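Report on the following structure.
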2 protein chains.
Amino acid sequence: MSAKSKNLILKSGNSHKISEATVSRLPAYFRALTQLAEATQVRVSSEELAALTGVSSAMLRKDLSHLGSYGTRGVGYEVEFLRYQISREMGLNNDWSVVIVGVGNLGRALAHYGGFGSRGFRVVALVDADQTLIGTNVKCGSEGKTIELVVHALSDLESVVKKSGARLGVVATPAEGAQAVSDRLVKAGIRSILNFAPVHLVVPNGVDVRKVDLASELQILAFHEQRKAV
Amino acid sequence: MSAKSKNLILKSGNSHKISEATVSRLPAYFRALTQLAEATQVRVSSEELAALTGVSSAMLRKDLSHLGSYGTRGVGYEVEFLRYQISREMGLNNDWSVVIVGVGNLGRALAHYGGFGSRGFRVVALVDADQTLIGTNVKCGSEGKTIELVVHALSDLESVVKKSGARLGVVATPAEGAQAVSDRLVKAGIRSILNFAPVHLVVPNGVDVRKVDLASELQILAFHEQRKAV
DNA sequence: GTTTGTGAAGGCATTCACAGCT
DNA sequence: AGCTGTGAATGCCTTCACAAAC
């Protein structure tokens, strides 16, 4: 996808550990590079890309150095080439199918969320326990392709996961049901869960959980805000 | 609020730094303690509370030791007392007023979100740029008290912030408008911002921003998921 | 001259392991 | 005997600073 015939080091055994801290920043780099590419900018320095993503230039360079030596000294990085390398490293070329459990306000917001579809994530199934929701249609995706998905019954969770081929599960249920939902997602073969319920999910080894806790974020802000008052 | 006449060390100059890592875990401890209190459990060990929140018992004890010496050796912690100390430390006794900018799916989901109201956060104002939304009513809060809020025009942002007395701002706009919204929130006096837009916000010193990036979370999961495939 | 890539240094967070209370 | 609180040790992440490459 890019530039001069740069030495295509597709080192297949590319599994020397990338630290978790670095992984957590790659999406931000990827997004900034996408913006730059859309603005048809060809090259970018570590300084500039760092400013766009809110990290120091030294940290950015160290992060990127873990992926490979994709820059040119004295020049910078080529936007398209670096963007492609990051997308490859993060598996954004694959299409990732997502099942959302819990179609309340949050679940629905996630289903509509444009940021997913545009980055290789596709919501392929919706599940809820509420009898009045089951069987209804919900719009998924935003810009361009919006499809409608039927809300499936919680009791069909396992078969829905298997039929849809989802590999990523989103838990957007109330706290009470979250652990049970998680257990069943795991039983159905899901090994990566994004949890919005305000509880700590216990899962077997080999299963990843990331937690997003909206109220906690506000609490952390409030803590600092409180300290600011003179 | 609690138990025996424990020596009430209300050390007013209680500003010896608590590390950011510890602060980020306090909300989880608080939530677990709330659950235990509702289940009328009186005491809890570091081991048990740690299991509920997904940290090691040693880390939990070190975290709590930064707040003070609120446990009893050989016994454990008293649930209500510890809960109160954490809530005080985090400023959850105050009422925190929140303004949400961007009343799309996500903004609306946040407005409805029950977890806010129940922890001292109150959504007091909604702002959006969309002419078709301005002037309409949106339900806020969930269990029990749901109120309706009028959506205000983006051009009224500053006056809305000042009238409502909001100290916390939530940016739930598309990426394009987020920086401008942030600038205006800061100008209106807001010094703590929760940002859901997928951009890095640049703010003056003294202003805190926390970022929640839904697509990034999925990308991070996908990264690990990719590595699992045998 | 400019900017990357990277050892080395420094700082921060977590775990260990046990002294100190109850 | 049991559990907390905490110095010491470990490990991880970030920053520094400069050699290497253009």
Side-chain angles (χ1 to χ4, degrees), chain A residues 3-7 9 11 14 16-26 28-29 32-33 36 41-79 81-83 85-86 89 200 220, chain B residues 3-7 9 11 14 16-26 28-29 33 36 41-79 81-83 85-86 89 220:
Chain A
K4 6 182 134 168
S5 65
K6 218 138 185 174
N7 47 341
I9 4 158
K11 30 180 174 178
N14 185 19
H16 80 103
K17 267 275 167 255
I18 298 179
S19 83
E20 191 56 35
T22 295
V23 171
S24 74
R25 286 185 293 264
L26 291 180
Y29 302 154
L33 287 166
L36 291 173
Q41 183 169 331
V42 176
R43 273 196 290 270
V44 66
S45 69
S46 64
E47 200 70 50
E48 186 182 2
L49 189 52
L52 283 172
T53 51
V55 302
S56 74
S57 64
M59 195 157 88
L60 174 74
R61 290 200 300 277
K62 180 138 287 196
D63 281 344
L64 294 185
S65 76
H66 293 131
L67 309 188
S69 213
Y70 296 140
T72 307
R73 294 172 196 226
V75 178
Y77 302 88
E78 287 187 42
V79 171
F81 183 68
L82 184 55
R83 192 182 105 93
Q85 291 302 336
I86 292 180
E89 185 72 36
H200 170 71
I220 294 166
Chain B
K4 6 182 132 167
S5 64
K6 218 137 187 176
N7 46 341
I9 3 159
K11 30 180 173 177
N14 186 20
H16 80 104
K17 267 278 168 251
I18 297 178
S19 82
E20 191 55 36
T22 295
V23 171
S24 73
R25 284 185 292 265
L26 291 181
Y29 302 154
L33 287 166
L36 291 173
Q41 182 169 332
V42 175
R43 273 197 290 269
V44 67
S45 69
S46 63
E47 199 69 51
E48 186 182 1
L49 188 51
L52 282 172
T53 51
V55 303
S56 74
S57 65
M59 194 156 88
L60 174 75
R61 291 199 300 277
K62 181 138 287 198
D63 281 344
L64 294 184
S65 77
H66 292 131
L67 309 188
S69 213
Y70 296 139
T72 307
R73 293 170 197 230
V75 178
Y77 302 89
E78 287 188 43
V79 172
F81 183 69
L82 183 56
R83 193 183 104 93
Q85 292 301 337
I86 293 180
E89 186 72 36
I220 294 166

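This one's a predicted model, so the numbers in the text were calculated from it and none came from an experiment.
In this structure, the CZ atom of Arg43(A) is 11 Å from the P atom of dT3(C), given to the nearest Å. With rounding to whole Å, His66(A) atom NE2 is found 10 Å from dC13(D) atom C1'. Taking atom CD1 of Ile18(A) as the reference point, atom C1' of dT14(D) lies 17 Å away to the nearest angstrom. Protein atom CD of Glu48(A) is 10 Å distant from nucleotide atom P of dT4(C), rounded to whole Å. Computed from coordinates, the Tyr77(A) OH to dT2(C) C1' distance equals 13 Å when rounded to whole Å. In this structure, Leu67(A) places its CG atom 10 Å from P of dG5(C), rounding to the nearest Å. For Lys17(B) and dG11(C), the NZ to P distance is 17 Å, given to the nearest whole Å. Between the CG atom of Leu64(B) and the C1' atom of dT6(D) there is a distance of 13 Å, rounded to whole Å.
Ser19(A) meets the side-chain hydrogen bond (donor to acceptor under 3.5 Å, both in side chains) test with Thr22(A); sequence neighbours excluded. Checked against side chain to side chain contact (heavy atoms under 4.5 Å, CB included), Ile220(A) has the following partners two or more places apart in sequence or in another chain: His224(A), Glu20(B), Val23(B), Ser24(B), Pro27(B), Arg210(B). Residues forming a side chain to side chain contact (heavy atoms under 4.5 Å, CB included) with Val75(B) (at least two apart in sequence, or on another chain): Arg43(B), Thr72(B). By the side chain to side chain contact (heavy atoms under 4.5 Å, CB included) test, Ser57(B) pairs with Ser46(B), Glu47(B), Ala50(B), Arg61(B), sequence neighbours left out. A search for side chain to side chain contact (heavy atoms under 4.5 Å, CB included) contacts involving Ile86(A) returns Leu26(A), Tyr29(A), Phe30(A), Leu33(A), Leu64(A), Leu67(A), Leu82(A), Met90(A), not counting sequence neighbours.
Applying the 4.0 Å criterion to OP1 and OP2 of dT4(D), one finds that Ser46(B) has a side-chain N or O inside that range.
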Across nucleotides 12-22 of chain C, 5' to 3', mark each nucleotide with B, S or - according to how protein heavy atoms within less than 4.0 Å reach it.
-SSB-B-BBBS
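For Leu49(A) against Val44(A), the heavy-atom pair with the smallest separation is N-CG2, 3.8 Å.
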